[in-house]
Novice: 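Before anything else, here's the structure in question.
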Amino acid sequence: MYKYVGIFMVAFAVLIFVFLGSVDGFSTSHQVCTYDATKMCKPALATAAFSTISFLLGAVTSVVSGFLGMKIATYANARTTLEARKGVGKAFIVAFRSGAVMGFLLAANGLVVLYITINLFKLYYGDDWGGLFEAITGYGLGGSSMALFGRVGGGIYTKAADVGADLVGKVERNIPEDDPRNPAVIADNVGDNVGDIAGMGSDLFGSYAESSCAALVVASISSFGINHEFTAMLYPLIISAVGILVCLITTLFATDFFEIKAVKEIEPALKKQLVISTVLMNFVTELLSPFRQLFLCVAVGLWAGLIIGFVTEYYTSNAYSPVQDVADSCRTGAATNVIFGLALGYKSVIIPIFAIAISIFVSFSFAAMYGIAVAALGMLSTIATGLAIDAYGPISDNAGGIAEMAGMSHRIRERTDALDAAGNTTAAIGKNSSKFFQGFAIGSAALVSLALFGAFVSRASITTVDVLTPKVFIGLIVGAMLPYWFSAMTMKSVGSAALKMVEEVRRQFNTIPGLMEGTAKPDYATCVKISTDASIKEMIPPGALVMLTPLIVGIFFGVETLSGVLAGSLVSGVQIAISASNTGGAWDNAKKYIEARSLGPKGSDPHKAAVIGDTIGDPLKDTSGPSLNILIKLMAVESLVFAPFFATHGGLLFKI
């Protein structure tokens with residue numbers, strides 16, 4: 001997959017250079033500054049070159065982050081299984097510390113590369129801070145574009161294998177999850193690393209890069225940029241740097257200060273991580289903020305994220321009535337399970353949207369668009385802790401798979417299942433997979449996209465965005481449709497790949513003598529190839545939809561219509577993402593609730609209904625839902641990068 005991503009990376013870098021360089025006819029002469037007509041700024045050709053370089057840096061950093069995450073998780077899976085022999089507490093520490101290593105690595109990578117890039121670019125740009133931070137936006141575009149392919153491709157890979165393994169193995173053949181007799185079991189476990197680790201790592205790196213770039217761009221045209229206050233300009237990076245230190249202290253509460261001795265202590269320990277990190281970050285930010293308004297913006301983002309997280313937990317944890325109602329509905333079959341699950345997902349949107357709306361209003365009141373960008377950074381300032389929790393889930397899941405395939409004792413499998421169950425619930429609070437940090441990712445995506453939208457409007461020299469004008473309204477209604485189109489593509493991609501996987505698994509069970517008895521080995525390689533081929537082939541159409549839409553709209557319809565598209569996709573995309581992620585998470589934990597409470601033994605009709613719901617929810621919570629927050633951010637940051645080109649040469653159809 002990285003080969004195809006590399007080809008895209010080079011091709012799109014050339015496109016950035018050509019489009020931005022043509023804004024001023026590839027002239028090397030200085031130009032009038034966009035935000036101050038009394039000053040002369042660096043040539044557009046320089047912005048094109050530096051934007052291309054920052055795009056490549058962001059893309060490479062994103063890919064490296066995902067790759068390193070997979071390496072860490074691969075080592076951690078087996079070690080967690082081995083530690084489970086000593087007790088659930090020891091296994092928890094290994095799984096959580098492994099996730100923490102990935103979280104700190106990703107956050108530090110993004111921060112260091114961005115800081116070095118800014119200082120190197122500053123050597124050329126000097127006092128032209130508008131040009132400097134416009135060029136830096138390419139960093140966010142590179143990180144987010146790689147995250148899109150990682151998320152979509154990884155999601156298709158893992159869910160094709162997961163659906164195939166579950167439908168044939170658990171429903172038709174009544175064999176346990178991760179049973180080595182299942183031909184799709186290796187592809188399923190590999191998929192956890194590809195989708196839930198590499199894809200999630202790239203996704204959160206993209207969120208971090210875009211939120212930082214949005215804050216820096218908006219700050220560059222504020223009083224900070226005009227007065228050349230470099231320390232104040234770098235306030236967004238200070239928030240991120242302090243967040244890493246706060247998260248480092250926070251992890252000690254889970255692994256060193258308090259010891260996990262029983263299964264029931266795991267989930268509270270994970271939830272406390274976000275509470276502790278939020279409280280500590282709130283206190284430290286107040287001490288470091290140069291202005292009280294900025295501290296309040298960060299605080300609004302922090303607490304809004306926590307509220308979204310706990311609301312998400314309420315709707316996806318089997319400790320509360322919503323998921324228990326879904327589990328109870330399985331008594332009458334899969335249809336009622338699906339109906340209850342969909343209703344739960346729709347209802348779970350209400351409070352998070354209010355939280356996002358209030359945080360937007362409050363942060364804008366304090367510091368305009370810069371306040372919204374800082375609020376998004378506040379929500380993501382605890383990204384290292386969120387990633388530790390998020391990566392913990394798939395690491396625990398794969399540890400259970402290794403225990404099952406290695407024929408280890410039933411007690412060890414129970415311990416790894418307990419770790420995984422806690423991971424599924426806490427993943428729903430946070431993420432997007434891998435669901436505890438999902439709520440945070442979606443909430444921050446809304447704030448980041450709005451800040452990027454504001455920067456785009458300024459850079460494209462749009463005075464007002466009037467929804468009553470036809471140009472804007474047609475963009476608004478088309479933009480609201482895009483998340484549905486994108487979701488349809490990703491859902492069908494998973495379905496098509498899963499169809500091939502189911503047919504292959506059935507074929508092997510029917511044609512390989514002794515497979516069910518355990519005397520013959522399945523052909524794992526064929527199933528791995530099906531998932532691999534499907535992920536590479538099927539990630540292209542959704543990726544093309546997201547990457548080409550801003551270009552087509554900007555070139556042919558102009559910046560006003562594009563502003564409508566961005567607003568429409570933001571409004572509908574956030575709500576679909578929350579609903580899809582929570583519906584899938586609820587179905588997953590409803591199945592686990594039935595298994596744990598013996599409401600229906602494995603193989604019974606209620607359990608089969610729950611497995612069907614879980615299978616339907618897999619692409620919702622691990623492919624379509626998580627990918628949608630990338631869609632709304634990526635379209636916004638891409639529009640911001642190409643804004644000068646669209647403003648100069650766009651709107652061809654309206655010029656005829």
Side-chain angles (χ1 to χ4, degrees), residues 267 271 274 303-360 379 424-447 480 483-484 487-488 491 570-594 599 606 609-610 612-629 632:
E267 189 177 323
K271 286 190 287 187
L274 282 181
W303 292 102
L306 197 65
I307 290 170
I308 292 171
F310 279 110
V311 169
T312 306
E313 183 214 4
Y314 174 73
Y315 281 104
T316 55
S317 170
N318 54 30
Y320 303 104
S321 60
V323 171
Q324 293 173 5
D325 290 343
V326 174
D328 185 64
S329 71
C330 293
R331 292 184 296 107
T332 52
T336 47
N337 179 28
V338 171
I339 292 169
F340 270 72
L342 289 173
L344 178 150
Y346 297 148
K347 191 175 182 181
S348 70
V349 172
I350 299 171
I351 297 177
I353 291 299
F354 275 116
I356 292 170
I358 292 170
S359 63
I360 289 172
M379 199 175 286
N424 278 325
T425 298
T426 50
I429 298 180
K431 168 174 177 164
N432 194 216
S433 341
S434 23
K435 291 94 202 160
F436 191 101
F437 206 59
Q438 183 66 38
F440 279 72
I442 296 171
S444 65
L447 297 180
Y484 292 94
S487 297
M491 291 284 287
L570 168 60
V571 170
S572 70
V574 169
Q575 302 185 53
I576 299 171
I578 295 173
S579 174
S581 296
N582 291 351
T583 295
W587 277 327
D588 189 358
N589 278 333
K591 179 197 69 175
K592 286 182 167 56
Y593 182 79
I594 288 175
L599 298 181
I612 291 171
D614 177 33
T615 306
I616 296 171
D618 276 338
L620 285 173
K621 67 182 173 68
D622 289 327
T623 307
S624 297
S627 300
L628 279 171
N629 59 38
I632 59 177

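One-based numbering along the sequence shown. Just so we're clear, the structure is a prediction, and the values are computed from it rather than from any experiment.
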Novice: Distance check, rounded to the nearest 0.5 Å: D325 atom CG versus N337 atom CG?
Specialist: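 Answer for the CG-CG pair, D325 versus N337, is 11.5 Å.
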Novice: I'd like to check the ring-ring contact (aromatic ring centres under 6.0 Å, His included) partners of Y320; sequence neighbours left out, ordered by chain and number.
Specialist: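 ring-ring contact (aromatic ring centres under 6.0 Å, His included) check on Y320 returns Y314.
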Novice: Determine the minimum heavy-atom distance between R331 and D328, stating which atoms define it.
Specialist: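 Minimum heavy-atom separation between R331 and D328: NE-OD1, 2.8 Å.
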Novice: Looking only at heavy atoms, what is the nearest atom pair of I632 and A446, with distance?
Specialist: CD1-N, 4.3 Å
Novice: Which heavy atom in A610 sits nearest to a heavy atom in I594, and how many Å separate them?
Specialist: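 The pair with the smallest heavy-atom distance is CB-CD1, 3.6 Å.
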Novice: Can you find a pair of side-chain heavy atoms, one from L342 and one from W587, that are under 4.5 Å apart?
Specialist: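 They are in side-chain contact.
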Novice: Locate the shortest heavy-atom distance separating V323 from A586; write the atom from each residue and the value.
Specialist: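 Residues V323 and A586, closest heavy atoms: CG1-O, 3.9 Å.
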Novice: Which heavy-atom pair separates N318 from Q324 by the least distance, and what is that distance?
Specialist: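 Shortest heavy-atom separation between N318 and Q324 comes out as O-NE2, 3.2 Å.
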Novice: Working note: K592 + N589, criterion side chain to side chain contact (heavy atoms under 4.5 Å, CB included); need CA distance, chi angles, decisive distance, verdict.
Specialist: CA-CA 5 Å; K592 286 182 167 56; N589 278 333; 3.8 Å; yes
Novice: Could you pull out all residues at least two apart from S329 that satisfy side chain to side chain donor-acceptor pair (under 3.5 Å)?
Specialist: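 None.
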Novice: Provide the closest heavy-atom pair for P352 versus V311 in the form atom of the first, atom of the second, distance.
Specialist: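 Reported closest heavy-atom pair: CD-CG1, 3.8 Å.
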Novice: Quick one: CG on D588 to OG1 on T615, what's the gap to the nearest 0.5 Å?
Specialist: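 It comes to 9.5 Å.
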Novice: D618: which residues meet the salt bridge (charged side-chain N to carboxylate O under 4.0 Å, His left out) condition with it, sequence neighbours left out?
Specialist: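 For D618, the residues satisfying salt bridge (charged side-chain N to carboxylate O under 4.0 Å, His left out) (neighbours in sequence not counted) are K159, K621.
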Novice: Quick one: are V338 and I616 in side-chain contact, heavy atoms under 4.5 Å?
Specialist: yes
Novice: Any pair with a residue in residues 334-353 that passes ring pair (Phe, Tyr, Trp, His ring centres under 6.0 Å), sequence neighbours left out, goes on the list, sorted by first then second residue, please.
Specialist: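 Every pair satisfying ring pair (Phe, Tyr, Trp, His ring centres under 6.0 Å) with a residue in residues 334-353: there are none.
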Novice: First locate atom CG of L628, then atom OG of S572, and finally report the distance between them rounded to the nearest 0.5 Å.
Specialist: 8.5 Å
Novice: Got a second to check how far I356's CD1 is from I307's CD1, nearest 0.5 Å?
Specialist: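 Between atom CD1 of I356 and atom CD1 of I307 there are 11.0 Å.
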Novice: Distance check, rounded to the nearest 0.5 Å: E313 atom CD versus I308 atom CD1?
Specialist: 14.5 Å
Novice: Suppose we screen for side chain to side chain donor-acceptor pair (under 3.5 Å). Which residues come up paired with S624, at least two apart in sequence or across chains?
Specialist: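 With neighbours one apart ignored, the set is T490.
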Novice: Indicate yes or no for a side-chain donor-acceptor contact from S579 to the backbone of I576 under 3.5 Å, with no hydrogens or angles considered.
Specialist: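 No, S579 side chain to I576 backbone: no donor-acceptor pair under 3.5 Å.
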Novice: Output all residues satisfying side-chain contact (heavy atoms from CB on, under 4.5 Å) with S348, sequence neighbours left out; order by chain, then residue number.
Specialist: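 Per chain and number, S348 pairs via side-chain contact (heavy atoms from CB on, under 4.5 Å) with Y315, I578, N582.
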